[in-house]
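Note that these values count all heavy atoms, side chains included, but never hydrogens, waters or copies made by symmetry.
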Amino acid sequence: MTARIILVDDHPVLRDGMRMLLAADPGIEVIGQAGSGEEALTLVQALERRGDAPDLVLMDLQLGAGISGIEATRALRAAHPDVRVLILTTFDADTDIFGALDAGAVGYLLKDTPTDALVRSVLDAASGRPTLSPEVAMRVMGRAAHPDTGLSTRETEILGLLATGAGNRDIARRLFISESTVKGHLVNLYAKLGVDNRTSAAKVARERRLIR
C-alpha cells in the first residue's frame, strides 16, 4: 500500500527537495504541498471532500507569519482525526517536542535525519506507528523516568510565553486561564528550575533546552 502524504514547509526549495527525495521511494506518493499551516488545513479539507485525503502530513514547526506547526497539527487532528501528522523540523526544545506530541503528532523528526531513516519513519508514521529521532526519544524517555522534575505541557507553554516578556495577564489571556492559575504554575516552575524570578527562569530554561 502506498503512503499518500502532504508536505508543509514555508521554504519552497526545501519542500521541493523533500518531495523529490520521498517520491523516489515506490511506497510513497506526494499528493500535495503547502507553505503555511492555513494552506495545509485548506488543502486537506479539499482533498477529504473529494474522498482523497492524505495518510500523513509531514509538518515543519516554523511556518512564517501564520499559525505554527503545532497549532496546525492540533487543528488538523481535531478536524481530520484519520490524517496523521509527522513533525520534521530543526527545533529540539522541550516546548516544541512535547507541544507537538500533545497536539497529536504521531512522531517528531529532526531535519538532519539520514535519508533512509527518514523514508522509513514516514512509512511508519503513515501506518500509525509512532516514530522519534534518537535525540528526541532520549528527551521523552528522560521525562518519563523523572516525571516529578519534568515540566508539564502547560508549564512549558507558560515558560515559553514568559521568556518572550509576556506578563501574567497576557499569558492568562493567550492560554485562556486565570491569572491566579498562571501564578500557581509559576510557583511550581520556579521550584522545578531552582530559581526565584522570571529572568532566571528564562535563562535556565534556555540553557537546558526546555525552550528556544
Side-chain angles (χ1 to χ4, degrees), residues 8-11 34-45 57-81 83-108 136 139-140 142-144 146-212:
V8 184
D9 195 301
D10 63 335
H11 291 94
S36 69
E38 292 88 348
E39 188 180 342
L41 289 167
T42 299
L43 178 57
V44 171
Q45 183 178 44
V57 174
L58 193 59
M59 177 84 69
D60 193 8
L61 288 187
Q62 195 74 35
L63 296 172
I67 62 174
S68 70
I70 289 176
E71 293 170 309
T73 296
R74 185 175 287 111
L76 274 169
R77 294 293 295 151
H80 312 280
V83 178
R84 301 177 180 92
V85 179
L86 174 62
I87 302 299
L88 180 65
T89 186
T90 58
F91 302 113
D92 63 350
D94 281 11
T95 185
D96 297 312
I97 295 170
F98 294 103
L101 296 178
D102 184 63
V106 70
Y108 196 108
V136 174
R139 304 282 279 283
V140 172
R143 175 174 287 194
H146 304 285
D148 295 335
T149 58
L151 302 183
S152 68
T153 299
R154 179 63 83 192
E155 288 169 345
T156 302
E157 289 175 332
I158 290 174
L159 187 56
L161 291 171
L162 177 154
T164 68
N168 289 358
R169 180 176 298 179
D170 190 36
I171 293 173
R173 179 183 59 80
R174 293 175 66 175
L175 297 180
F176 303 101
I177 57 179
S178 68
E179 285 189 61
S180 61
T181 299
V182 173
K183 291 176 182 177
H185 281 304
L186 287 176
V187 170
N188 292 332
L189 272 171
Y190 291 169
K192 289 181 179 181
L193 296 176
V195 300
D196 59 6
N197 60 73
R198 304 167 82 89
T199 301
S200 296
K203 180 176 181 293
V204 170
R206 288 195 174 99
E207 290 173 348
R208 295 185 186 177
R209 289 163 61 192
L210 301 176
I211 59 175
R212 295 184 204 170

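Judged purely by atom type and a 3.5 angstrom limit, Arg74 has no side-chain atom pairing as donor or acceptor with the backbone of Gly69. For the pair Glu155 (side chain) and His185 (backbone), a donor-acceptor distance under 3.5 Å is absent.
Rounding to the nearest 0.5 Å gives a distance of 11.5 Å between CG of Leu88 and CE of Met59. Atoms CG and NZ, on Leu210 and Lys192 in that order, are 10.5 Å from each other to the nearest 0.5 Å. Separating the CZ atom in Arg206 from the OG1 atom in Thr95 is a distance of 11.0 Å, to the nearest 0.5 Å. Atom OG1 of Thr199 and atom CG of Leu162 lie 8.0 Å apart (nearest 0.5 Å). Here OG1 of Thr90 is found 8.0 Å from CD of Gln62. Values are rounded to the nearest 0.5 Å. Asp10 CG to Ser36 OG: the interatomic distance, rounded to the nearest 0.5 Å, is 9.0 Å.
Closest heavy-atom contact between Leu63 and Gly37: CD1-N, 3.6 Å. When all heavy atoms of Val85 and Thr73 are compared, the closest pair comes out as CG1-OG1, 3.4 Å. Counting all heavy atoms, side chain and backbone alike, Ile177 lies closest to Thr181 at CD1-CG2, 4.1 Å. Asp96 and Ile70 make their closest contact through O-CD1, 3.8 Å (heavy atoms, listed as atom of the first residue, atom of the second, distance). Residues Ile67 and Glu38 approach most closely at N-OE2, 3.0 Å, considering heavy atoms. Contact between Tyr108 and Phe91 at its shortest, heavy atoms only, is OH-O, 2.7 Å.
Side-chain contact between Asp60 and Val8 is absent, with no heavy-atom pair separated by less than 4.5 Å. Inter-residue side-chain proximity for Phe98 and Asp94 is flagged as met; some heavy-atom pair is nearer than 4.5 Å.
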*Which is it for Lys183 and Glu179 under the salt bridge (Lys or Arg N to Asp or Glu O under 4.0 Å) test, yes or no, and what are the steps along the way?*
CA-CA 6 Å; Lys183 291 176 182 177; Glu179 285 189 61; 5.2 Å; no
_Assess the residue pair Glu71 and Leu41 against the criterion (side-chain contact (heavy atoms from CB on, under 4.5 Å)); give the C-alpha distance rounded to whole Å, side-chain angles, the decisive distance to 0.1 Å, and a yes or no._
CA-CA 11 Å; Glu71 293 170 309; Leu41 289 167; over 6 Å; no
*Can you list the steps and then say if Thr156 with Asp102 is a side-chain contact (heavy atoms from CB on, under 4.5 Å)?*
CA-CA 11 Å; Thr156 302; Asp102 184 63; over 6 Å; no
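Of the candidates Leu193, Leu186, Val204, Leu193 is the only one forming a side-chain contact (heavy atoms from CB on, under 4.5 Å) with Leu159.
Residues passing the side-chain hydrogen bond (donor to acceptor under 3.5 Å, both in side chains) test with Asp170 are Arg173, sequence neighbours excluded.
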